[in-house]
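Worksheet: the structure to be examined is printed underneath.
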Amino acid sequence: MCGIVGYIGSREAYPVIIKGLKRLEYRGYDSAGIALLNGGLKVYKKKDKVADLEESVIGKDISGTTGIGHTRWATHGEPSDRNAHPHVSNSGNIAMIHNGIIENYASIKNELIKKGYTFSSDTDTEVLLNFIEDIKKNNEGTLEEALRIALKRVVGAYCILLIDKNNPDTIIAARKGSPLVIGIGKNEHFLASDASPIIEYTKEVVYVNDYEIAIVHADELILKNLGNEKQTPFITKLDMELSAIEKGGYEHFMLKEIFEQPQTIYDCLRGRMNAETGVITMSGIQQYEQQIMNAGRIIIIACGTSWHAGLVAEYVFEELCRIPVEVEYASEFRYRNPVVNKGDVVIAISQSGETADTLVAIETAKEQGAIILGILNVVGSSIARKSHAGAYTHAGPEIGVASTKAFTAQLAVLIMVALKIAHAKNTINKERYLLLCKELMEIPDKVAIVLLQNNNIKALASKYKDAYDFLYLGRGYNFPVALEGALKLKEISYIHAEGYPAAEMKHGPIALVDEKLPVVFVATKDSYHQKIISNMQEIKARKGKVISIITEGDTVSPTLSDDIIIIPPADEIVAPMLSVIPLQLLAYYIGVAKDYDVDKPRNLAKSVTVE
Ligand code: F6R
């Protein structure tokens, strides 16, 4: 949520920052802005996308070797030029960008208004900035000192970058709760919300920790805590290539990421799963294997698509490991005074590893004695650092705002963990264990087969694109897939869609069914198949349009369906990794057919770092 970029060195800052903002645009895209130091302070900002900002600065002075830039997802104040970052302090000397929320901004603002400060935006950021300036003025101290004092009074989350007209050789940054990475170049530094703007210049980065302040010069990086004590920067080598964050010939990142899934699932399994011997090696969780085996309860905490992966995992863990599982929306868990017992195992699932609701929820569970395992995609992310242990999904950067490859990679990791624990606990027989290992290893090839249905699904999208509502139905392991299909459609095509357990339909939603309503059945061959056939009949009897995702060889479902998408046979435990693919493609092609920006759907942001 909000992307931040900064540069200090000997290059022109503008192109580095604009390119970086484009890479971070998935984090928010309702306005963008840039501040440059070149003798004076120049600030340009614009509502809408980074491309609009670029157009607005044509012919203007964009020189300068120090600068900061921002792409915004609005929290306080509507998207507009004046609410766009960077903001400039009342003196006109200091510019600041911010990702996060200052919760006590209203009381600080009142204090400042009494002192004569004026505000040209509705943002909490401008309040914090003038608060810092006021402290600097009163103490006659440095910007760094003023920032440190201000941050001790601030309640909320932030990653901020500050530049000062009177000190052009420095960028000052601070973080709490919102991510900040600093790339170390040769006599230059790059600052960003994630590594994607940095990767083409350097692979050496420092992940700044909460409550740290970074004083960044071209040739020096100083890290301090809020107590003004120097911290040693821990330099990490990025394990990511530039090609991973480019479109590679696809029209959209979302399509590229859908098509990457045979590879990303394979990358996730590779080196961990030996299907022949049945050995699963997961060094990240090895140390906690006993605790997971003995857990009285597993609590899965996540949001959105990751929450859907958690629902599949609930079925898998209960079936294979015989451990009770609860799946919680992170935002609800945090605020309802949950009961967490010592020895409970919490699994946090998150693509970004930065989702504020999930982060706060695991902190709550950790305080109460739970062991936290993170199933995360972004290496070094905030949730990764707050977890006791975990496993990365290795899906590579996911840039399309709608999550696709992260979901299937999360399922791959969760199923591996469940298999490993079930095997160790002896709650699965050897034959079934080996079969499931083999089934899992076959998934990448089977996903490639599902992707061959691309043109068929594109044609279905153009047939159904004008529907006003969709219903998605599934049972058992495919129920969360139905939820995920509905979420994808809502996000990308702005069509109202609901996911339901197929049997629940008769308790209410069936009233919606008429000849105009497309009903997507996730009806692969599993232990619920007979039952879902009956549900199809119920929809057909009411003239609904039935689109079914079915298993190759199923001769009954086609007779009850208006349209079918066939996927290869697979055990029901791994089948969601296949049945979700057509739903991702359907949502994608309907969004494209409606001419929407599928990579940047309205009102959304990739990384939701506000609660
Ligand atoms: C759906 C989507 C969101 C995220 C949710 C959690 O396509 O992208 O629903 O799944 O915001 O994000 P992470 O997994 O980063 O915690």
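FYI, the numbering just counts along the sequence from 1. What you are looking at is a predicted structure, and each value in this text was computed from that prediction instead of being measured. When a ligand or atom number is given, it counts from 1 through the structure's own listing order. All values below were derived from every heavy atom in this structure, side-chain atoms included, with hydrogens, water molecules and symmetry-related copies excluded.
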Verify, without hydrogens or angle tests, whether [X] (side chain) and [Y] (backbone) share a donor-acceptor contact under 3.5 angstrom.
X	Y	result
D344	N341	yes
K256	Y250	no
Q368	V339	no
Y266	I443	no

Exercise. Could you walk me through whether L238 and V181 pass the side-chain contact (heavy atoms from CB on, under 4.5 Å) check?
Worked result: CA-CA 11 Å; L238 287 175; V181 190; 5.6 Å; no
Per-atom contacts of ligand 1 with [X], taking only distances under 4.0 Å to non-hydrogen atoms:
X	value
S350	13 (P), 14 (O), 15 (O), 16 (O)
A402	7 (O)
S306	10 (O), 13 (P), 14 (O)
E491	1 (C), 2 (C), 7 (O), 8 (O)
K488	1 (C), 7 (O)

Exercise. Do any nitrogen or oxygen atoms of T358 lie less than 3.5 angstrom from nitrogen or oxygen atoms of ligand 1?
Worked result: no
Could you tell me the residue and atom name of the protein heavy atom closest to [atom], and the distance to it rounded to 0.1 Å?
atom	value
atom 12 (O) of ligand 1	T355 OG1, 3.5 Å
atom 6 (C) of ligand 1	C303 O, 3.3 Å
atom 11 (O) of ligand 1	V608 CG2, 4.0 Å

For this session: Decide if atom CD of E332 counts as having more than 12 heavy atoms of other residues, nucleotides or ligands within a radius under 6.0 Å.
Result: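 For E332, atom CD is not crowded (no more than 12 foreign heavy atoms under 6.0 Å).
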For this session: Determine, step by step, whether R27 and N99 satisfy the side-chain contact (heavy atoms from CB on, under 4.5 Å) criterion, reporting the C-alpha distance in whole Å, the side-chain angles of both residues, the deciding distance to 0.1 Å, and the verdict.
Result: CA-CA 10 Å; R27 301 178 68 88; N99 169 23; 3.7 Å; yes
Exercise. Between the candidates G353, A406, G304, S352, which shows the shortest non-hydrogen contact distance to atom 9 (O) of ligand 1?
Worked result: G304
For this session: Identify which of T305, N377, I301, V401 has a heavy atom lying nearest to atom 8 (O) of ligand 1.
Result: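 Nearest heavy atom to atom 8 (O) of ligand 1 lies in V401.
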Exercise. Which value, rounded to the nearest 0.5 Å, describes the distance between L585 atom CG and L255 atom CG?
Worked result: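 Those atoms lie 7.0 Å apart.
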